[in-house]
Amino acid sequence: MTNKPVLLVIAHGSRDPRHAATVHALVRRVRATRPDVRVETGFLDFNVPSVQGVLESLAVQGVRDVVALPLLLTRAFHAKADIPAVLADAPPQLRIHQADVLGPSPLLMAALERRLYEAGLTPADKSSTGVVLASAGSTDPEAIAVIAEIAREWRHTGWCAVRPAFASAGSPAGFPRTEDAVRELRALGCSRVAVAPYVLAPGFLPDRIARGAAQADVLADVLGAAPEVARVVLERYEAARLPLPAAASA
């Protein structure tokens, strides 16, 4: 019996069955990577088990320490409001540490490139290929800034150009849709254009990204259960479970 905290992976949930299937595939990879850690999955909406249900079950089983990890790429509304609200209603005997969201991380950028290479590109194509970094979208300024910064950093790794794009109709002005970013990269003179979805699992918005990529040369898959994503999950878990330094906890 391990004395390590239980890792509770919190996913948003979706009516699209591909979403839950992808989340479960990622969690299986995390478990395979760290068999010494108990990993559970809870959903905020649409799917079961619910986060609250998992927390109540853990309390009944005598678990005391839980690391709750938001399966999210940016710190937007779900990470700042929804998840803390659910965790606040957890059984009082549980000690819950909320981990950081997954992004940004160099490992996620590596996973994006993995998906592009799996879709047919090679490292030799980088200098002639423009990439659309297509995220689901947000109205949160912090999340918007993170996506823009990832695009800037990725551009410096050798791509012809990188442009961020948002799929959500509610995203603010200034960020193009996927199809607009594809056209912009064509106009810049990039020999080919690739779309890299910065999303974890299939669903409504990733399908919109795919439709927007119709005129691109390459469309990568979602990040999904890429090994780099599993490594980020475990990095966030380890950081959240470690005790605070004495100076920080004083």
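These figures come from a predicted structure and were not determined experimentally.
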> Thinking salt bridges, do E40 and R38 make one under a 4.0 Å N-O criterion?
Replying inline: yes
>> So does A230 get a backbone contact from the side chain of R29, meaning a donor-acceptor N/O pair under 3.5 Å?
In response: no
> Is a side-chain N or O of R236 found less than 3.5 angstrom from the main chain of L69, in a donor-acceptor match?
Replying inline: no
>> Can you confirm whether R15 is buried at CZ, in the sense that more than 12 heavy atoms of other residues, nucleotides or ligands lie under 6.0 Å from that atom?
In response: no
> Does the side chain of V51 come within less than 4.5 Å of L44's, by heavy atoms?
Replying inline: yes
> Parallel under 30°, tilted from 30 to 60°, perpendicular over 60°: which one fits the rings of W154 and W159?
Replying inline: perpendicular
>> Suppose we call two aromatic rings close when their centres sit under 6.0 Å apart. Are F204 and H12 close by that rule?
In response: no
> Looking at D65 and R95, does any basic side-chain N land under 4.0 Å from a carboxylate oxygen?
Replying inline: yes
>> For a side chain to side chain contact (heavy atoms under 4.5 Å, CB included) check, start with the C-alpha distance between L55 and I96, then their side-chain angles and the critical distance, and finish with the verdict.
In response: CA-CA 10 Å; L55 291 171; I96 300 178; 4.0 Å; yes
> Any ion pair linking R152 and E149 (charged N to carboxylate O, less than 4.0 Å)?
Replying inline: yes
> Going only through I, L, V, M, F, W and Y residues with side-chain contacts under 4.5 Å, is there a path from L234 to V23?
Replying inline: yes
>> Using only atom types and a distance under 3.5 Å, with no angle test, would you say the side chain of Y237 pairs donor to acceptor with the backbone of V232?
In response: no
> Are V193 and V131 linked, directly or through other ILVMFWY residues, by side chains that come within less than 4.5 angstrom of each other?
Replying inline: no
>> Are the side chains of V27 and R31 in contact, using a 4.5 Å heavy-atom criterion?
In response: yes
> R177 side chain to G212 main-chain N or O, any donor-acceptor pair under 3.5 Å?
Replying inline: no
>> If you apply the rule side chain to side chain contact (heavy atoms under 4.5 Å, CB included), what do you find for T74 with E142, and how did you get there?
In response: CA-CA 8 Å; T74 58; E142 181 180 352; over 6 Å; no
> Just checking, any donor-acceptor pair under 3.5 angstrom between side chains of R192 and S128?
Replying inline: yes
> With a cut-off of 6.0 Å (strictly less than), are more than 12 heavy atoms of other residues, nucleotides or ligands near CD of Q215?
Replying inline: no
> Where do P70 and I83 come nearest, in terms of heavy atoms and distance?
Replying inline: CB-CD1, 3.5 Å
> What are the two closest heavy atoms between Q98 and P84, and how far apart are they?
Replying inline: OE1-CG, 3.8 Å
> Is Y117 reachable from L108 through a run of I, L, V, M, F, W or Y residues, each pair having side-chain heavy atoms under 4.5 Å apart?
Replying inline: yes
>> Quick one, I150 and L133 - any side-chain contact, counting heavy atoms below 4.5 Å?
In response: yes
> Looking at side-chain heavy atoms only, is the closest gap between V218 and V195 below 4.5 Å?
Replying inline: no
>> Closer than 4.0 angstrom, basic N to acidic O: yes or no for K126 and E113?
In response: yes
> Hey, are R34 and E238 close enough for a salt bridge, meaning a charged N less than 4.0 Å from a carboxylate O?
Replying inline: yes
>> Less than 4.0 angstrom from a charged side-chain N to a carboxylate O is my criterion; do D140 and K80 meet it?
In response: yes
> If you take all heavy atoms of C160 and S127, which pair is closest and at what distance?
Replying inline: CB-O, 3.3 Å
> With a 4.5 Å heavy-atom cut-off, do L205 and V199 have their side chains touching?
Replying inline: no
> Are V30 and V37 in one and the same hydrophobic cluster, where Ile, Leu, Val, Met, Phe, Trp and Tyr link if side-chain heavy atoms are under 4.5 Å apart?
Replying inline: yes
>> Are Y198 and P164 packed together at the side-chain level, in the sense that at least one heavy-atom pair is separated by less than 4.5 angstrom?
In response: no
>> Between D207 and R18 (salt bridge meaning N to carboxylate O under 4.0 Å), is one present in this structure?
In response: yes
> Would you call V54 and T41 a side-chain contact if the rule is heavy atoms closer than 4.5 Å?
Replying inline: no
> Quick one: does E179's side chain have a donor or acceptor within less than 3.5 Å of a partner on A214's backbone?
Replying inline: no
> Knowing that exactly one of L73, L102, T22, L26 qualifies, which makes a side chain to side chain contact (heavy atoms under 4.5 Å, CB included) with L223?
Replying inline: L73
> Between the main-chain N or O of G13 and the side-chain N or O of H19, is there a donor-acceptor pair closer than 3.5 Å?
Replying inline: yes
> Minimum heavy-atom separation for R64 to A59, with atom names?
Replying inline: NH1-O, 4.0 Å
> Is the shortest side-chain N to carboxylate O distance from D217 to R186 below 4.0 Å?
Replying inline: yes
> Quick one: does D221's side chain have a donor or acceptor within less than 3.5 Å of a partner on A119's backbone?
Replying inline: no
> For I209 and V132, what are the C-alpha separation, side-chain angles and deciding distance, and is it a side chain to side chain contact (heavy atoms under 4.5 Å, CB included)?
Replying inline: CA-CA 10 Å; I209 290 172; V132 178; over 6 Å; no
> Under 3.5 Å, is there a donor-acceptor pair between the side chain of R75 and the main chain of A143?
Replying inline: no
>> For a side chain to side chain contact (heavy atoms under 4.5 Å, CB included) check, start with the C-alpha distance between L107 and E235, then their side-chain angles and the critical distance, and finish with the verdict.
In response: CA-CA 10 Å; L107 285 169; E235 281 186 358; 3.5 Å; yes
>> With clusters defined by side-chain heavy atoms of hydrophobic residues (ILVMFWY) lying less than 4.5 Å apart, directly or transitively, does V222 cluster with L71?
In response: no
> Side chains of Q61 and S57: do they bring a donor and an acceptor to under 3.5 Å?
Replying inline: yes
> Got T178 and F166 here, is their nearest side-chain heavy-atom distance under 4.5 Å?
Replying inline: no
